[in-house]
Amino acid sequence: MARAVDAVLFDLDGTLVDSLDLIAQAMSRVLVEHGYDTDVERLKPLIGPPMEVVARQLGASADAPALGEEYLRLYHDQYVRQTPERAGATALIERLVASGVALGIVTNKVEASAHELLRIEGWTAHFGAVVGRDTPGASAKPAPEPHSASSPGLPFP
């Protein structure tokens, strides 16, 4: 009997992992340290786009790229290892893999961050493709094309 689904693409943040609070904490810390008036609760609804975009929404302009770089360093150094999986994520992943379904990640995280989070959660071996906003040939979501023909090695058409 043929499977109804051959492959599933997942997002990470808010789908497989519950990272909203930790991302907001890291963003808030960087912004407050640079004199921006914000807090975790104010940032939560803005999370999704890269930090540079969020910083611009809060009034940063020329320093937005530097804030984004500082956020990434802080998030990876102090926050990412604390990220819990969403309830049932591991069980779902294992069930899909056992059924022969190919799995991939499409995220607005940078690709290295996505790989790091998969490693932390113990899911690396289950995902054949990981596409981040900086993957060659990729576009940040919500662009409809998570990869292009120029992205080598991706097992999905």
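On a predicted model such as this, the values are computed, not experimentally measured, just so you know.
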[X], [Y]: one ILVMFWY side-chain cluster at the under-4.5 Å cut-off?
X	Y	answer
Val8	Ile105	yes
Val40	Ile23	no
Leu20	Leu46	yes

Worksheet item: So how far is it from Asp63 CG to Leu31 CG, rounded to the nearest 0.5 Å?
Response: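 Answer rounded to 0.5 Å: 9.0 Å.
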
Worksheet item: Roughly how far, to the nearest 0.5 Å, is CD of Glu70 from CD of Glu33?
Response: 6.5 Å

Side chains of [X] and [Y] in contact at under 4.5 Å (non-hydrogen atoms):
X	Y	result
Val110	Arg133	yes
Leu117	Val80	yes
Leu67	Tyr36	yes
Ile93	Leu16	yes
Leu12	Leu118	yes
Met51	Tyr75	no
Thr90	Glu121	no
Arg29	Gln78	yes

Discussion item. Checking Leu58 against Leu43 for the side-chain contact (heavy atoms from CB on, under 4.5 Å) test, could you report, in this order, the C-alpha distance in whole Å, the side-chain angles of both residues, the deciding distance, and whether it holds?
Written reply: CA-CA 9 Å; Leu58 297 173; Leu43 288 170; 3.5 Å; yes

Taking all non-hydrogen atoms of both residues, which atom of [X] and which atom of [Y] are closest, and how far apart?
X	Y	value
Pro84	Leu22	CD-CD1, 4.4 Å
Ala26	Leu74	O-CD2, 3.6 Å
Ser19	Gly14	OG-N, 4.2 Å
Thr15	Phe10	CG2-CD2, 4.1 Å

Discussion item. With a 4.0 Å cut-off on N to O distance, would you call Glu52 and Arg56 a salt bridge?
Written reply: no

Discussion item. Are more than 12 heavy atoms, taken from residues, nucleotides or ligands other than Asp37, located less than 6.0 Å from that residue's CG atom?
Written reply: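 It does not: Asp37 CG has 12 such atoms or fewer within range.
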
Kindly say whether [Y] contributes a backbone atom to a donor-acceptor pair with the side chain of [X] at under 3.5 angstrom?
X	Y	result
Asp134	Glu111	yes
Thr124	Arg119	yes
Arg73	Gly68	no

Item to complete: With salt bridge (Lys or Arg N to Asp or Glu O under 4.0 Å) as the test, would you mind laying out the steps for Lys44 and Glu41 before giving the verdict?
Response: CA-CA 5 Å; Lys44 283 182 184 180; Glu41 292 307 314; 3.1 Å; yes

